[in-house]
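What follows is a short report on a single structure.
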2 protein chains.
Amino acid sequence: MISQSTTADKQKDILAAALRLFVEFGFHGAPTSRIAAEAGVANGTLFHYYKTKEELMIALYHDIKEDMSGWLASNVNEKDPIEKRFRESFVQSLQWALQHRDKFYYIQQFHFSPHLSKVSPQVIREQTKFHVQLIEEGKAAKLLKPLPADLVFTLVSSHVFGLYQYLVDAGFSAARQKKVISDSFEMLWDMLTK
Amino acid sequence: MISQSTTADKQKDILAAALRLFVEFGFHGAPTSRIAAEAGVANGTLFHYYKTKEELMIALYHDIKEDMSGWLASNVNEKDPIEKRFRESFVQSLQWALQHRDKFYYIQQFHFSPHLSKVSPQVIREQTKFHVQLIEEGKAAKLLKPLPADLVFTLVSSHVFGLYQYLVDAGFSAARQKKVISDSFEMLWDMLTK
DNA sequence: GTCTATATCTCGATAGAC
DNA sequence: GTCTATCGAGATATAGAC
């Protein structure tokens, strides 16, 4: 019988504590001792799961990336027409980010750190595949302008990042937020298609 | 007579070494001892100019920001019509970034770190004033769509960041690069005006 | 797998001569 | 202002009992 422990999953606790502390204090200001303490595990336990602090940082990065991909996979319907999938990818990325601000912040923090270089480009490429394929489809269907897919991907991503920052700073109501997201997508779509 | 020492300016050396090491190894991986060594000054000298490591990080941030502002101020002509100034701000921001990659990277690294919170929002606001005013002007002249200036600023900034990343990854020739920047601005401009 | 205890080291920061 | 010398604290990581 497979062990289905009802006790706390220490590994998840460690990742959760690491997320909280890295976001609040940065990689520099969050010692492993404190991460272990806040996760409610012994110091040695942390190093049992992650051989080094950096390994923990990278594992956390991957964990969050998976979370994000899973959300998109289950909120974007592969049967929908291209434009709808495009719109949903955009909207749902923003929704996920707004509902997981710590995680989204961590991704950015990690991305602009020397630790990113420890993640193989291969793996990073893999993560964008979903989006790049959608863009290629859009180009093939003559919906999108004939721009390099990488450029389109970059511009869309930036649009998401920028809009996210704007919405966080503005602190709108949920309804207003939805409207701004929708309008912004329209602008982006026009830019890429007309 | 004002002292015009011809000997090395230690403070500048420290900032230059800090930039190099922070970019390569991150805040966590760049000890003050090594920064001092690489700057060719004694450990104590570093702490004479900057009381703490964080103070050094913040000073470096401001130093780079000033550099960037200075570049824009001297490359965007206040007498030009709005659209030209808009375009020049965009193009020159990218040119500066591409020619000062370390500095641009540092700004981003700092921006997504908890240390940013040590810089007063007042000061950050001040840094965007130049751009926001230009946007307000564009709105008043009915050139730009009637969108919130903060939103426009955010979208333009993101566009610059994204395009920068694309160009760095692509490694085009100078001529090709110029063309992509120009075309991208056209797309952005259409999005914000039509 | 998990804990306690601890080794080893390095870092940021200070003191004080020059 | 600049240097040498050094302190004390706290960091990552390991060893070994349970």
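On a predicted model such as this, the values are computed, not experimentally measured, just so you know. In the text below, chain A, chain B and the rest are named by the order of the sequence lines, each starting its count at 1.
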- Task: State, yes or no, whether a side-chain contact exists between Ser184(B) and Tyr166(B) at a heavy-atom distance under 4.5 Å.
- Result: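 Not touching, per the 4.5 Å side-chain cut-off.
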- Is the shortest heavy-atom distance from the side chain of His28(A) to the side chain of Lys53(B) under 4.5 Å?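 SC-SC contact between His28(A) and Lys53(B) confirmed.
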All N/O donor-acceptor pairs, side-chain side in residues 170-177 of chain A, below 3.5 Å, sequence neighbours left out:
{"unit_1": "Ser173(A)", "atom_1": "OG", "unit_2": "Arg176(A)", "atom_2": "N", "d": "3.2"}

Calculate the interatomic distance between [X] atom [atom1] and [N] atom [atom2]; express it in whole Å.
X	N	atom1	atom2	value
Leu46(B)	dC11(C)	CG	P	13 Å
Glu55(B)	dT14(C)	CD	C1'	15 Å
Asp13(A)	dT2(C)	CG	P	10 Å
Leu21(A)	dG10(D)	CG	C1'	16 Å

- Message: Less than 4.0 angstrom between a side-chain N/O of His48(B) and OP1 or OP2 of dG1(D), yes or no?
- Response: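 For His48(B), the contact criterion (side-chain N or O under 4.0 Å from OP1 or OP2 of dG1(D)) is met.
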- Task: Give a yes/no on whether any side-chain N or O of Tyr50(B) is located under 4.0 angstrom from OP1 or OP2 of dA13(C).
- Result: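 No, Tyr50(B) has no side-chain N/O under 4.0 Å of OP1/OP2 on dA13(C).
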- Item | Closest to side chain of Tyr49(B), choosing from dC3(D), dT2(D), dC3(C) |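 The listed nucleotide nearest to Tyr49(B)'s side chain is dT2(D).
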- Using ring pair (Phe, Tyr, Trp, His ring centres under 6.0 Å) as the criterion, list what pairs up with Phe90(A), not counting sequence neighbours.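 Per chain and number, Phe90(A) pairs via ring pair (Phe, Tyr, Trp, His ring centres under 6.0 Å) with His159(A), Phe185(A).
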- Message: Please confirm whether the ring centroid of Phe104(B) lies under 6.0 Å from the ring centroid of Phe161(B).
- Response: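 For Phe104(B) and Phe161(B), the ring centres are under 6.0 Å apart.
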- Kindly state whether the ring of Tyr105(B) and the ring of Phe22(B) have centres lying under 6.0 angstrom apart.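 Not under 6.0 Å, so no.
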Could you list the protein-to-nucleotides 11-17 of chain D atom pairs, N/O on both sides, closer than 3.5 Å?
{"unit_1": "dT12(D)", "atom_1": "OP1", "unit_2": "Thr32(A)", "atom_2": "N", "d": "3.4"}
{"unit_1": "dT12(D)", "atom_1": "OP1", "unit_2": "Lys53(A)", "atom_2": "NZ", "d": "2.8"}
{"unit_1": "dT12(D)", "atom_1": "OP2", "unit_2": "Thr32(A)", "atom_2": "N", "d": "2.7"}
{"unit_1": "dT12(D)", "atom_1": "OP2", "unit_2": "Thr32(A)", "atom_2": "OG1", "d": "2.7"}
{"unit_1": "dA13(D)", "atom_1": "OP2", "unit_2": "Lys53(A)", "atom_2": "N", "d": "2.8"}

